[in-house]
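For reference, the structure is listed below as structure tokens.
Given the structure is predicted, the values throughout are model-derived calculations rather than measurements.
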Amino acid sequence: MRVFKFGGASVKDADGVKNVVNVLNQMGHKDTLVVISAMGKTTNAMEKVVEAYFKDKDAVVGILQEVMDYHDGILGDLFKNPSHPVYARVKLLFEEVKGFLTWNKSPKYAFVYDQVVGYGELVSTTIVSEYLNEVGLSNAWLDVRTLIKTDNNYRDAQINWERTQDEVSAKVDMSKLNITQGFLGSDDNNFTTTLGREGSDYTAAILAYCLNAESVTIWKDVPGVLNADPRNFKETQLLEQISYREAIELAFYGASVIHPKTLQPLQRKEIPLHVKSFVKPSDKGTTVGKGVNIVPKIPCFIVKKDQVLLKLSSLDFSFIVENNISEIFKLFHDHRLKVDLIQNSAISFSVCLDNKFNGLQPMLDELKRKFKVVCHEDVSLYTIRHFDDAAVKSLQNGKSVLVEQRGKETVQLVVK
């Protein structure tokens with residue numbers, strides 16, 4: 001069995017859904033499981049629903065209606081018969097969202113987030129599955145929440161691999177074309193969990209691992225894995241092949257083409273990963289596999305924006321050693337701040353953080369009781385793999401470099 005994953009950009013409108021059919025017809029769809037993300041920017045829109053639920057409940061109906069109208073437009077372009085059962089199925093899903101927001105009593109943002117935001121995937125796969133049936137590609141729609149079992153760490157759930165393996169083995173008919181959702185799972189109480197933003201790639205890898213798939217293909221709006229994100233860098237080149245290790249390094253540093261967790265289950269079973277263009281599906285793209293060298297070997301640029309740089313020093317000029325550092329890292333963990341870079345000396349400690357869960361301010365209040373703290377917000381962390389002097393100079397030009405750190409293969413710059 002093969003696993004295909006289509007992201008939100010590939011199904012952002014009716015033409016995108018029709019192109020999924022084109023890709024499946026070109027590449028074959030026998031013994032294939034297809035993982036599909038929410039359409040377009042639906043996840044962002046559903047996040048706004050959650051924000052309004054906590055801050056301005058009167059705005060919830062209007063924001064949710066915009067999401068419904070967007071999907072109704074796609075439905076109207078794909079299904080000309082207004083009595084087609086897909087309309088009722090999609091309506092029912094949105095009614096479930098409204099029902100949850102009405103009866104929910106939990107004050108926990110992360111819990112509400114997971115129960116609401118995941119409907120983007122449920123709606124998109126319902127539409128795509130019905131359209132495939134409409135054009136003669138018979139398929140089985142699977143609720144991935146019954147397959148992927150997790151803990152209850154909402155918004156960043158961890159996989160229960162043993163239970164997930166059992167559910168996938170029991171419920172996936174490998175002789176069929178299967179359609180399911182990315183990003184989602186469920187906990188022991190069958191509440192929806194999410195695997196972190198951009199978690200659909202990870203979903204594909206989890207299912208491939210459990211199914212012993214022959215390969216995973218991620219279909220993107222770019223030719224494959226590039227040496228830089230074209231949204232941030234003017235000149236980019238396609239990497240024809242890279243190793244699991246190299247891909248994990250790039251993902252760890254923030255390369256957006258592959259989710260950081262995606263490579264780990266694939267590497268364990270040596271399942272090759274292909275990253276290809278859904279615009280030109282017959283093009284070669286990038287292959288990620290075991291023990292292959294990076295081709296071509298050129299500098300690879302990665303940028304993480306909206307980072308926070310903290311510079312900590314002891315109030316009494318004492319050394320910052322193991323006990324201090326362990327205390328600091330416990331605070332990072334407790335406030336859900338991800339560490340992206342560390343640099344320390346005898347009496348100071350610098351760290352670049354990702355504040356995606358907004359835990360910075362309460363953590364700063366605690367740090368300032370024991371340390372002198374300098375905080376730089378809205379900084380960017382640039383990473384260059386396989387750097388040379390010209391690559392480093394191209395980033396330093398015209399920027400204020402706050403921290404620079406070099407290794408054998410990698411240089412990192414925190415710039416304002």
> Quick one: does Gln405's side chain have a donor or acceptor within less than 3.5 Å of a partner on Ile342's backbone?
Replying inline: yes
> Using 4.0 Å as the upper bound for N to carboxylate O, is an ion pair formed by Arg406 and Glu404?
Replying inline: yes
> Under the 3.5 angstrom rule, does the side chain of Ser169 hit a backbone N or O of Asp166 as a donor-acceptor pair?
Replying inline: no
> With respect to Gln412, which candidate in Ile384, Leu341, Val403, Ile302 satisfies the side chain to side chain contact (heavy atoms under 4.5 Å, CB included) definition?
Replying inline: Leu341
> Taking 4.0 angstrom as the limit, do Lys5 and Asp201 come out as a salt bridge?
Replying inline: yes
Which donor-acceptor pairs under 3.5 Å do side chains of residues 173-180 form with protein atoms, sequence neighbours excluded?
residue : atom : partner : partner atom : Å
Asp173  : OD1  : Ser175  : N            : 3.0
Asp173  : OD1  : Ser175  : OG           : 2.7
Asn178  : ND2  : Asp173  : O            : 3.1
Asn178  : ND2  : Lys176  : O            : 3.0
Thr180  : OG1  : Leu142  : O            : 2.9
Thr180  : OG1  : Val144  : N            : 3.3

>> Taking ring-ring contact (aromatic ring centres under 6.0 Å, His included) as the cut-off, I'd like each qualifying pair that reaches into residues 28-63, sequence neighbours left out, listed once.
In response: Phe54-Tyr109
>> So which atom in Ser124 and which in Glu121 form the shortest heavy-atom distance, rounded to 0.1 Å?
In response: OG-O, 3.0 Å
>> Do the side chains of Asp334 and Lys330 get close enough for a salt bridge, i.e. N-O under 4.0 angstrom?
In response: yes
>> Under a 3.5 Å cutoff, is there a donor and acceptor pairing between the side chains of His386 and Glu246?
In response: yes
> Do Thr150 and Thr193 meet the criterion of a side-chain donor-acceptor pair at a distance under 3.5 Å?
Replying inline: yes
>> Both conditions, 6.0 Å and 45 degrees, for the charged tip of Arg268 above the ring of Tyr209: are they met here?
In response: yes
> Given the side-chain rings of Phe301 and Tyr382, with only the six-membered ring counted for Trp, is the space between their centroids under 6.0 Å?
Replying inline: no
>> Show, in sequence, the C-alpha distance, side-chain angles and deciding distance for Asp31 and Arg2, and conclude whether the salt bridge (charged side-chain N to carboxylate O under 4.0 Å, His left out) test is met.
In response: CA-CA 7 Å; Asp31 306 334; Arg2 301 172 304 170; over 6 Å; no
> Hey, is the main chain of Phe191 close enough, under 3.5 Å, to the side chain of Asn189 for a donor-acceptor pair?
Replying inline: no
>> I'd like to know if the side chain of Gln115 and the backbone of Phe111 have a donor-acceptor N/O pair within less than 3.5 Å.
In response: yes
